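All values below were derived from every heavy atom in this structure, side-chain atoms included, with hydrogens, water molecules and symmetry-related copies excluded. Since this is a predicted model, take the numbers as computed values, not measurements. Chain letters run A, B, ... following the sequence lines, proteins first, then strands; residues in each count from 1.
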Amino acid sequence: MADGLYLYNMVNKVRVRFAPSPTGGLHLGGVRTVLFNYLFAKKHGGDFIVRVEDTDQSRFVEGAEDYIFKCLHWCGLTPDESVLHGGEYAPYRQSERKEMYRQYGEQLVKEGHAYYAFDTTDDLDAMREKLKASGSSSLQYDQNIRMQMNNSLRLLPDETQALLAKGTPYVIRIKINANEVIPFTDMIRGDIEFDSNNVDDKVLLKADGMPTYHLAVVVDDYLMKISHAFRGEEWLPSAPVHILLWKHLFGLHAMPQWAHLPLILKPDGNGKLSKRDGDRLGFPVYAMDWQDPATKESTKGFKEIGFLPEAFINLLVVLGWNDGTEQEIFSLDELIEKFSIEKVHKGGAKFDFEKAKWYNHEWIQKLDVSNYEDRVKVIFESKGVLITDAVYFTKVLNLVKGRCTLLPDFYTQGCFFFQPPASIDVADIKAKWNEPKNLFFVELIRTYQLTNSWEHTELEKEFKEIAAVNQLKPGELMGPLRIMLVGGKFGPGVFEIAAMIGKEETINRIENALSLLQ
RNA sequence: GCCGCGUUGGUCAAGGGGUUAAGACGCCUCCCUUUCACGGAGGAAUCACGGGUUCGAAUCCCGUACGUGGUACCA
């Protein structure tokens, strides 16, 4: 795609928006849309606006709006303007802008680009049944059918006025002209053309006085001076309606540049990734834990299962974008520098949870533990391990971080530094246990009690000396020692563990295990 | 059904007329490690299909198939 494509709109400040509906948890795809918006804005020194699209009162969910802002905050994607952050184009909640939309709807009617429609739900159902029965290829309310319907196009002006005066419920529909080509340029997909004969007369203003998405998005993008509009691919089919609305209302020259983002697909099959797929396959789909206030059903989030925000952002951005090099790990600052909308793919990408975890593992290694030790501490304390020595805690985290993929792994990999193992795999030791080994450990305890240097190299040296004297292979003894100290075959070097937990604790654990072996 | 969009290993993908068709995740083998990981070295595995255009096509064109999105007074 040519670099100059979207440049003409760069004369004005870049302003982008994320426009969520407060209807539930924030989906991966939603966060990625935010991310692409945010990166584009920041790269070009622009503003990132969050506008709440709550025009469908029947789908409104209490708490969802607040939750969305919490997710954005966790991801580090802070809006410049929003319901929460204020801004000169307030209000940023569409329900509070309700009155603004009607005048544009009326204007369109006055200018002949829209009309009043009085059809009831039953009328519409009947129309579709009729069309289906007649074998029509389209079931839409469009130019072919509108003159048979109950609207101001077919009715006499007097009849329309009478209905209006009576307070008959009505909607405003856009009037799509026949035989028109509606072209537009998408920043990702290039030139696209729609035939107006395939576009239906969409409802613009609902009977309850609220705008539909189609009217609201155009009016608000204009009023909020949006320069570039990114949204999911599912919006592509309704783009012609928006283009026409821009043409009639504000002029095409003022229209933002569009980019329709590819979808995030389920790992198996090809459909759009849904919350259900996550439940079924065992991974989260929402950014953070979400509980539906009505059903009380709760859903796990990436944050809560132990993802770092840096990793979450990283794994999302590469789902449909990369900078053309081999680089895979990007910080937010690097992304702002390197992101380009033209490099976003056209096709959808299947979500791969294994790779997602790999990103988190990489970020755990890359970041200093100070970035996440507070969160890890909460995990330890939730399991009943109180952290009293912060320095010791940090040391442990550094020792085990290499083997951690998700934050809770720090607990499984490090809990034995704070308390004796909950269970010891005695059976594993017993399999090859004999009296000489028993005597070795008795002697090891005696030696360790007398040693004055409690340092891992020294402990290892003494351990091997005793083994040599007793003509035993150290390798056959280190396994048992590890199990005595940590409970199983995992964790860092045994002597490092012994050095960390200290003389008294080491000896206690060996003695305890020996008694279990009797 | 109609309309739109898409299609490089199992997955994410680079590549846009001439390449041994990068790299990553996952998988397998080996090395390192007397644990588990990390790390290192290898390996298996890909251009949806059919026609063109061309000296030459994963790359350009046309079909087909498949997938997916839309087809609401939902966004």
> If we take the P atom in both B:C62 and B:C73, what is their distance in whole Å?
Replying inline: 36 Å

> How far does CZ of A:Phe69 sit from CD of A:Glu65, to the nearest 0.5 angstrom?
Replying inline: 5.5 Å

> How is A:Pro492 classified with respect to the nucleic acid when contacts are heavy atoms under 4.0 Å: base, sugar-phosphate, or nothing?
Replying inline: base

>> Just the rounded figure in Å: distance from P of B:U71 to NZ of A:Lys132.
In response: 15 Å

>> Mind checking if A:Tyr359 touches a base, just sugar-phosphate, or nothing, with heavy atoms under 4.0 Å?
In response: nothing

> Under 4.0 Å between a Lys/Arg side-chain N and an Asp/Glu carboxylate O for A:Lys175 and A:Asp201?
Replying inline: no

>> Heavy atoms from C-beta onward define the side chain here; which of B:G69, B:G23, B:A14 lies closest to that of A:Glu326?
In response: B:G23

>> OP1 or OP2 of B:G4 versus the side-chain N and O atoms of A:Asn198: is any pair under 4.0 Å?
In response: no

> NZ of A:Lys350 versus C1' of B:G67: gap in Å, rounded?
Replying inline: 9 Å

> Would you say A:His214 reaches B:C73's phosphate, i.e. side-chain N/O to OP1/OP2 under 4.0 Å?
Replying inline: no

>> As a test of reading the structure: which of B:C2, B:C36, B:A13 is closest to the side chain of A:Phe490, going by heavy atoms?
In response: B:C36

> When all nucleic acid strands are considered with a 4.0 Å heavy-atom cut-off, which category describes A:Gly320: base, sugar-phosphate, or nothing?
Replying inline: sugar-phosphate

> How close or far is atom P of B:G69 from atom CD1 of A:Ile188, stated in whole angstroms?
Replying inline: 18 Å

> Looking at the side chain of A:Leu124, which of B:C73, B:A75, B:A24 is the nearest nucleotide?
Replying inline: B:C73

> Which part of the nucleic acid, if any, lies within reach of A:Ile483 when heavy atoms closer than 4.0 Å are counted: base, sugar-phosphate only, or nothing?
Replying inline: nothing

> Given the P atoms of B:U11 and B:G67, what is the spacing between them in whole Å?
Replying inline: 15 Å

> A:Val318 near the nucleic acid: base, sugar-phosphate alone, or nothing, with a heavy-atom cut-off under 4.0 Å?
Replying inline: sugar-phosphate

>> Strictly below 4.0 Å, N to O, side chains only: are A:Asp323 and A:Lys343 in salt-bridge contact?
In response: no

>> Checking contacts here: which listed nucleotide (B:A13, B:C2, B:A72) is nearest the side-chain heavy atoms of A:Arg128?
In response: B:A72

> Between B:A22 and B:U46, how far is it from one P atom to the other, in whole Å?
Replying inline: 12 Å

> Within 45° of the axis and under 6.0 Å from the centre of the six-membered ring of A:Tyr141, does NZ or CZ of A:Arg173 qualify?
Replying inline: yes

>> What contact category does A:Gly479 fall into here, base, sugar-phosphate, or nothing, at under 4.0 angstrom with non-hydrogen atoms?
In response: nothing

>> Set out, in order, the CA-CA distance, both residues' side-chain angles and the distance that settles salt bridge (charged side-chain N to carboxylate O under 4.0 Å, His left out) for A:Arg403 and A:Asp409, then state yes or no.
In response: CA-CA 8 Å; A:Arg403 38 202 101 217; A:Asp409 294 342; over 6 Å; no

> So what does A:Ala207 touch, heavy atoms closer than 4.0 Å: a base, only the sugar-phosphate, or nothing?
Replying inline: base

> Within the structure shown, what part of the strands sits under 4.0 Å from A:Lys343 by heavy-atom distance: base, sugar-phosphate, or nothing?
Replying inline: sugar-phosphate

>> Rounding to an integer number of Å, can you tell me how far A:Ile174 CD1 sits from B:C73 P?
In response: 14 Å

>> What contact category does A:Thr23 fall into here, base, sugar-phosphate, or nothing, at under 4.0 angstrom with non-hydrogen atoms?
In response: nothing

> For the pair made of OH in A:Tyr141 and C1' in B:C3, what is the distance, rounded to whole Å?
Replying inline: 21 Å

> How close or far is atom C1' of B:G69 from atom CD1 of A:Ile264, stated in whole angstroms?
Replying inline: 15 Å

>> By the 4.0 Å heavy-atom rule, please label A:Asp119 as base, sugar-phosphate, or nothing.
In response: base

> Counting only side-chain N and O atoms of A:Ser136, is one of them less than 4.0 Å from OP1 or OP2 of B:G1?
Replying inline: no

> What does A:Gly488 touch in the nucleic acid at a heavy-atom separation under 4.0 angstrom: a base, only the sugar-phosphate, or nothing?
Replying inline: nothing

>> Among B:G23, B:C25, B:A13, which nucleotide has an atom closest to any side-chain atom of A:Glu328?
In response: B:G23

> What integer distance in Å separates A:Asp122:CG from B:C73:C1'?
Replying inline: 14 Å

>> Can you check the distance between B:A37 and B:G70, where both ends of the measurement are the C1' atom (answer in whole Å)?
In response: 48 Å

> Reckon A:Leu205 touches a base, only the sugar-phosphate, or nothing at all at heavy-atom distances under 4.0 Å?
Replying inline: nothing

> Salt bridge check: are A:Glu460 and A:Lys464 linked by an N-O gap of less than 4.0 Å?
Replying inline: yes

>> Is the ring pair A:Phe194/A:Phe184 parallel, tilted or perpendicular, if the boundaries are 30 and 60 degrees?
In response: parallel

> Is the base of B:A72 touched by the side chain of A:Lys202 through a donor-acceptor pair closer than 3.5 angstrom?
Replying inline: no

> Are the charged groups of A:Lys430 and A:Asp425 less than 4.0 angstrom apart, N to O?
Replying inline: no

>> Under 4.0 Å, counting only non-hydrogen atoms across every strand here, what does A:Ile192 touch: a base, just sugar-phosphate, or nothing?
In response: sugar-phosphate

>> Is there a side-chain contact between A:Arg173 and the phosphate of B:C73, meaning an N or O under 4.0 Å from OP1 or OP2?
In response: yes

>> If the cut-off is 4.0 Å, is A:Lys206 near the phosphate of B:A75, judged by side-chain N/O to OP1 or OP2?
In response: yes

>> Once you apply a heavy-atom cut-off of 4.0 Å, does A:His260 come out as touching a base, just sugar-phosphate, or nothing?
In response: nothing

